[in-house]
Amino acid sequence: MDVVRPEFVPDPSLSTAEMETLQRDIARAAVFEDDHAVDPESVAIDGPVGQSTLGEAGDGSVDEPDTDRPLVAGVDQAFVGDRAVSAVVVLRGREVVERVYAVESTEIPYVPGLLSFREGGAILSAFAELDHEPDIVFVDGSGRIHYREAGLATHVGVTLDVPTVGVAKNLLCGTPRESLDRKLPEGARVPIDADDEVETAENGVCIGYAVQTRQYESETQYVNPLLVSPGHRVSAETAADLVLATAAGYKLPEPTRLADDYADEVKTDV
DNA sequence: GCGACAG
DNA sequence: ATCTTGTCGC
């Protein structure tokens with residue numbers, strides 16, 4: 001798939017002020033409500049998808065040809081020295097229909113709030129190799145949960161004009177409506193509200209959710225929730241629904257988990 | 001001046 | 001993100 005909004009392609013050579021200005025423009029172009037045709041129930045995955053097998057399930061059985069089901073993609077990056085590997089995995093149900101990757105040299109260091117200018121280029125290069133057009137894309141990192149409501153998932157979504165969901169392991173900014181310190185039950189979600197750190201939104205606006213995709217039985221030990229936010233053309237509620245529907249026994253939703261594995265696999269080769 | 005900070 | 005063995009607890 002190709003870039004739809006070339007003016008938003010992340011340029012690492014911009015000054016910090018220019019990057020921030022671009023992010024405010026991106027946030028204004030972003031749609032934080034549902035504008036897609038994916039019913040979360042239609043993408044539900046019951047158990048883990050088998051390792052690197054294209055076209056068949058992990059138990060060796062061939063899946064039903066349900067070509068009407070939506071395509072859900074996951075994208076993740078791995079790093080080798082000064083190069084970034086971006087890997088994309090596309091699923092239809094529990095079937096892997098396509099995997100692509102791209103390698104790009106990193107031009108700038110990681111700066112909180114400006115992640116898309118470091119990793120965005122490699123991600124767009126990987127999507128340029130993709131034949132299928134995903135109905136939803138899970139991006140590793142924040143979307144609307146961002147100082148200017150323009151995190152990596154939002155930047156990629158708006159630039160490609162594809163529905164995206166941000167899936168992060170840590171909270172960048174915003175305030176959880178209730179403490180995340182306690183142990184949350186599997187399936188639970190806690191709203192993340194905009195605060196003074198989020199300069200483009202009114203305080204109290206829900207910009208995402210902490211989502212508990214997995215939890216231990218034990219009383220003392222617990223898994224931290226994921227931080228899910230709208231990237232583009234997806235509401236916060238639906239973003240949380242989609243992540244819970246595609247989580248299949250692991251903390252990360254399957255598309256993201258498989259992209260994670262694929263990026264590591266590619267990293268070992270080149 | 002101090003704290004906070006996705007990947 | 002990445003460097004890395006064992007270890008504690010499901």
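Reminder, nothing fancy here: chain letters follow the sequence lines and each chain counts from 1.
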> Rounded to whole angstroms, how far apart are CG on L180(A) and P on dA6(B)?
Replying inline: 15 Å

> With a 4.0 Å cut-off on heavy atoms, is G113(A) in touch with a base, just the backbone sugar-phosphate, or nothing at all?
Replying inline: base

> With distance as the sole criterion, is a donor-acceptor pair present between the side chains of E33(A) and S235(A) under 3.5 Å?
Replying inline: no

> Side chains of Q23(A) and T21(A): is there a donor and an acceptor less than 3.5 Å apart?
Replying inline: no

> With a 3.5 Å cut-off and no angle check, do the side chains of E254(A) and T246(A) form a donor-acceptor pair?
Replying inline: no

>> What is the distance, to the nearest angstrom, from the CD1 atom on I108(A) to the P atom on dA6(B)?
In response: 15 Å

> Roughly how many Å is it from CD1 in I145(A) to C1' in dG7(B), rounded to a whole number?
Replying inline: 15 Å

> How long is the line joining CG of L115(A) and P of dG7(B), in whole Å?
Replying inline: 8 Å

> Is there a side-chain polar atom (N or O) of N170(A) under 4.0 Å from OP1 or OP2 of dG7(B)?
Replying inline: yes

> Contact class for L226(A) (heavy atom, under 4.0 Å): base, sugar-phosphate, or nothing?
Replying inline: nothing

> With distance as the sole criterion, is a donor-acceptor pair present between the side chains of E237(A) and Y209(A) under 3.5 Å?
Replying inline: yes

> Step by step, would you call F117(A) with H155(A) a ring-ring contact (aromatic ring centres under 6.0 Å, His included)?
Replying inline: CA-CA 9 Å; F117(A) 293 92; H155(A) 200 145; 5.4 Å; yes

> If we ignore angles and hydrogens, is there a donor and acceptor under 3.5 Å between the side chains of Q77(A) and E119(A)?
Replying inline: yes

> Quick one: E104(A) CD to dG7(B) C1', roughly how many Å, whole number?
Replying inline: 17 Å

> 5'-most contact on DNA chain C: K267(A) or Q221(A), nearest heavy atom basis?
Replying inline: K267(A)

> Separation of I207(A) atom CD1 from dA6(B) atom P, in whole Å?
Replying inline: 14 Å

> Within the distance-only criterion (no hydrogens, no angle test), does the side chain of T213(A) pair as donor or acceptor with the backbone N or O of K251(A) below 3.5 angstrom?
Replying inline: yes

>> What is the distance, to the nearest angstrom, from the CG atom on N224(A) to the P atom on dA6(B)?
In response: 14 Å

> First contact, last contact: which nucleotides of DNA chain C are these for chain A, 5' to 3', heavy-atom distance under 4.0 Å?
Replying inline: dA1(C) to dC10(C)

>> I'd like to know if the side chain of D161(A) pairs up with that of H232(A) as donor and acceptor (distance under 3.5 Å, no hydrogens or angles considered).
In response: yes

> How close or far is atom C1' of dA4(B) from atom OH of Y147(A), stated in whole angstroms?
Replying inline: 7 Å

> If you look at every strand shown and take non-hydrogen atoms under 4.0 Å, does F79(A) touch a base, only sugar-phosphate, or nothing?
Replying inline: sugar-phosphate

> Does the side-chain hydrogen bond (donor to acceptor under 3.5 Å, both in side chains) test come out yes or no for T106(A) and D82(A), once each step is laid out?
Replying inline: CA-CA 6 Å; T106(A) 54; D82(A) 63 346; 5.9 Å; no

>> Dot-bracket for DNA chain B, please. Rules: Watson-Crick or G-U, both distances under 3.5 Å, ( ) within the strand, [ ] when a pair crosses earlier ones, | for another strand, . otherwise.
In response: .......

> Just checking A153(A): base, sugar-phosphate only, or nothing, at a heavy-atom cut-off of under 4.0 Å?
Replying inline: nothing

